[in-house]
Visitor: 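Below: one structure in structure tokens.
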Amino acid sequence: MMLSSRSRAIICALFLFLVILEVKSFVPYKNFAVPTTSQLDAISRKGKESSRLARLRVNRDRLHRVVKSIEYYGQTEGSERRASCVLLNAMRMLLEAKTQDKISHVGNLLNKIDIVNEECRPIQERVITATSLAGLVSISTNILTNMLHSSYLPSSRAYIAACSALRQTGRLEELERLIYDLAELGTKLDTAIDVVAWNIYLSSLCSSIDSPNDPTLARIWEWMQPSVAQRLFRVTPDVTSFNILLDGAARVRNTTLVERVWHDLKGQRGVEPDIVSYNARLKASSGASSRAECFDILEEIESRNISPDAFTIDLVSNHLIRAGRYDDLQSMVDQFLTDKSERDKSKALAAFLVTLVQQENIESARNLFDRCALDEPSVSSVSPCTRHFNILLDGYSKIAQLSLSKDQLALIQKTLENPSGTFDSLDLDPIKVAALTEGRELCRMVVSFGVEQDPYTLSSMISLCISSDEIIELMNGSTAPLSPAVIRCAITYLGRLGDPSQACRVFDQFAFQSYNNRVWNVLLGALSEGAKQGNSILDIKSTISSKRHVLEGKGISSLVDGLTCADAAQTLLSAMNGMMERVEAPKPNSQSYCLVAASASQIESVDPSIAMKLFRNATSDGIPADGRFVNAVLRCFGGNLEQALKFWKEEMRMACIEHESRSRTRAIPNSRRPKKNLIAAYNGLLYVCGRAIRPDTAVRVAYAMRKEGLEPNEISLNGYKAGKRQQEKLDRHKDTNYNLGAWFKFLPKPNMIQQYESLLYIECTKYNPDNKRTSNDRRVRIIL
Ligand SMILES: *[C@@H]1O[C@H](CO)[C@@H](O)[C@H](O)[C@H]1NC(C)=O
Ligand SMILES: *[C@@H]1O[C@H](CO)[C@@H](O)[C@H](O)[C@H]1NC(C)=O
Ligand SMILES: *[C@@H]1O[C@H](CO)[C@@H](O)[C@H](O)[C@H]1NC(C)=O
């Protein structure tokens, strides 16, 4: 029982392995875009929740049995004392109690009964077990302590239940005291203590270890000597005890200790290493250079005829795949799945798929799925379920994230319709295209098999669409609930696929009444994307409608139809500020302002007054002048360099500096303050320099940063470059007869442009903080 709950815990921990992306800089669009982070963790969390529920069910069953045995105790032989009626009533109520409140209520009742004096010992023991299972820990430890102090050793079942409850509720000091009390009594009575209780204690110690040379590890290792364990705890370490220590040492990567404990384990009489022991060794050797070691261990497992468990497969799958031993992996999985119940098979396959997708082995995941779930039925076949499809679809969608122009999309669509077509002419990342193609094939399978769809399925499928019509069709045909997350996903992807009108339509149909600014910001994001992709005029009336509409007839359509994307974003912002009578909307937050600023900065002829108004409105609205926002507003000036510099000097700089000094809740030494917000603001100015193609001014801005004690860096340089790129892109879209002469008057001569750009490059790369050599330079500068 101990073992299985442990491996369950380990599998749960694996599930929780999340990928956390570190956001390093203020790069607009990337930051503002609606997060499309993997759903994998959410899918896994669902799995973890179902394991937790299963554990609860097992607990309830056991509780049921214990209460029954209290009821029947003493019924057959009349001589024994039966439980009192009050106690029996309380126990029956405990069985009925489903909520924490009700359980606590029973706890209060039990506290009023003098169990220690009124009930006989066998009944008391059962009450210890029952209250432990129900989580009424203080009652069970009370009774138990009392017993131990009067030199009565209860059955191991009772004290193991109490130990387990103490561990689960985190009362580790009490657990420790109980273990030592048990050992003391064991010595006194010259009786052995059940090793399971001790193992619970060991695993509570091991789980708190977080460094390879933690003294606890050495201490436990000493206890493993049979004579020591006998003397101190009256137990004989078993394989689980060794496994707990092995696993603890493997977790913190103390390989030497793992090897030593392994050696001890092999030498211990009557104890044989099992698969958990091997798993710990595999875990300890899971470094990059250890493939050979891993295969050695695997061979040893095979030669000893031990069956690998799910954890073994997780640990070796990456090595096997990288070594091209896919068939070996498959046969391990087959063996593992054989003879399992349908439910367990399905869960195990899902866990393997998660591991493979997380290791970016989507192809192998797909192979495994095809073999186990789609091929000819065999003993190891699994019936495919929604969760399997969700994991794979999410994996494909994560890889396939393409950012494509309209023309490219059209070409892809044509190519996908024609099976013999190729993507060669498109110059796309073949890995992404393959993921897109395979993912879409899986989507078709979901539809044609009639796989039950949930919001995760639908969201992933939407993210693999390549036209807005496809998205609408999917939503129309899906049986999945159109949850807020699905709607946000649809709006985002409609924006990315260049159909902001349809995004507005979907918003009106499904989300208009939401007072949550999250979905409103998602719509602003779609409009900003629309502004980026040519700032088309919204034509909402001509969009198609899904049959699953809910709110047709009202909404933002009438406000924004016929406007450009950038204008529509501003109108929505006004609505959010309560300036549109017919529309009720949530208040905008900092992100809303950022998105509106981002959409305004995308268009060719920017009205600088918009940037100023945005900033002033936001400031009076209490939006802090943080780096991201200030950067976005400055970009709104487009190529209006003079105005931008003026506004910066007169208004924004002060607000920024105020924010920088005000937003600290705890003091950071002045010298160490990163001043990220100010740097981001200056990077915005450099973007404007780029749009205006004024590297000379950019160099001056870089000097100004120096004077403020800031160091322009690569991101600053990229700001300038992005502005320049944007301007060049807009210029390409312009009429050919546009008057170059008027521009060139203001620009530095072409060769001067290059010279200033090299200067800017030097300014921005001079003080690379990663470069040790320059740190002396810096000190010299400050002294000067
Ligand atoms: C591993 O653990 C042992 C025993 O605690 C300790 O002596 C040794 O220094 C540890 N090794 C590392 C690399 O920390
Ligand atoms: C939505 O589905 C219905 C039938 O279920 C179909 O008649 C209608 O054409 C579909 N609409 C779209 C836009 O796909
Ligand atoms: C700023 O607020 C005024 C009124 O308070 C409003 O008329 C104007 O449209 C707003 N401008 C922007 C860009 O939000």
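Counting convention: from 1, in listed order, for ligands and their atoms alike.
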Visitor: What protein heavy atom sits nearest atom 8 (C) of ligand 1, and how far off is it?
Guide: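 Residue, atom and distance for the closest contact: N254 ND2, 3.8 Å.
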
Visitor: Decide whether D309 and N279 meet the rule of one side-chain donor and one side-chain acceptor closer than 3.5 Å.
Guide: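 Yes - a donor-acceptor pair under 3.5 Å links their side chains.
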
Visitor: With heavy atoms of P212 as the reference, note each atom of ligand 1 found under 4.0 Å away.
Guide: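 Matching atoms, with element in brackets: 1 (C), 2 (O), 10 (C), 14 (O).
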
Visitor: Show the atoms of ligand 1 that are less than 4.0 angstrom away from any heavy atom in A218.
Guide: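 So the atoms of ligand 1 that pass are 4 (C), 5 (O).
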
Visitor: Evaluate the 4.0 Å heavy atom contact test for atom 11 (N) of ligand 1: does a protein atom fall under the cut-off?
Guide: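 Given the 4.0 Å limit, the answer for atom 11 (N) of ligand 1 is yes, a protein heavy atom qualifies.
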
Visitor: Against heavy atoms of N213, which atoms of ligand 1 measure under 4.0 Å?
Guide: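 Contacts of ligand 1 toward N213, numbered from 1: 14 (O).
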
Visitor: Could you tell me if N713 and S716 have a donor-acceptor pair between their side chains, going purely by distance under 3.5 Å?
Guide: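 The criterion, which ignores hydrogens and geometry beyond distance, is satisfied for N713 and S716.
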
Visitor: Are W221 and F242 an aromatic pair by the rule of ring centers under 6.0 Å?
Guide: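 Ring-ring flag for W221/F242: false, centres at least 6.0 Å apart.
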
Visitor: Hey, can you tell me if Y201 and Y180 have their rings parallel, tilted or perpendicular (30° and 60° cut-offs)?
Guide: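 Perpendicular.
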
Visitor: Evaluate S397 against D394 for side-chain hydrogen bond (donor to acceptor under 3.5 Å, both in side chains), listing each step before the verdict.
Guide: CA-CA 5 Å; S397 129; D394 183 62; 4.8 Å; no

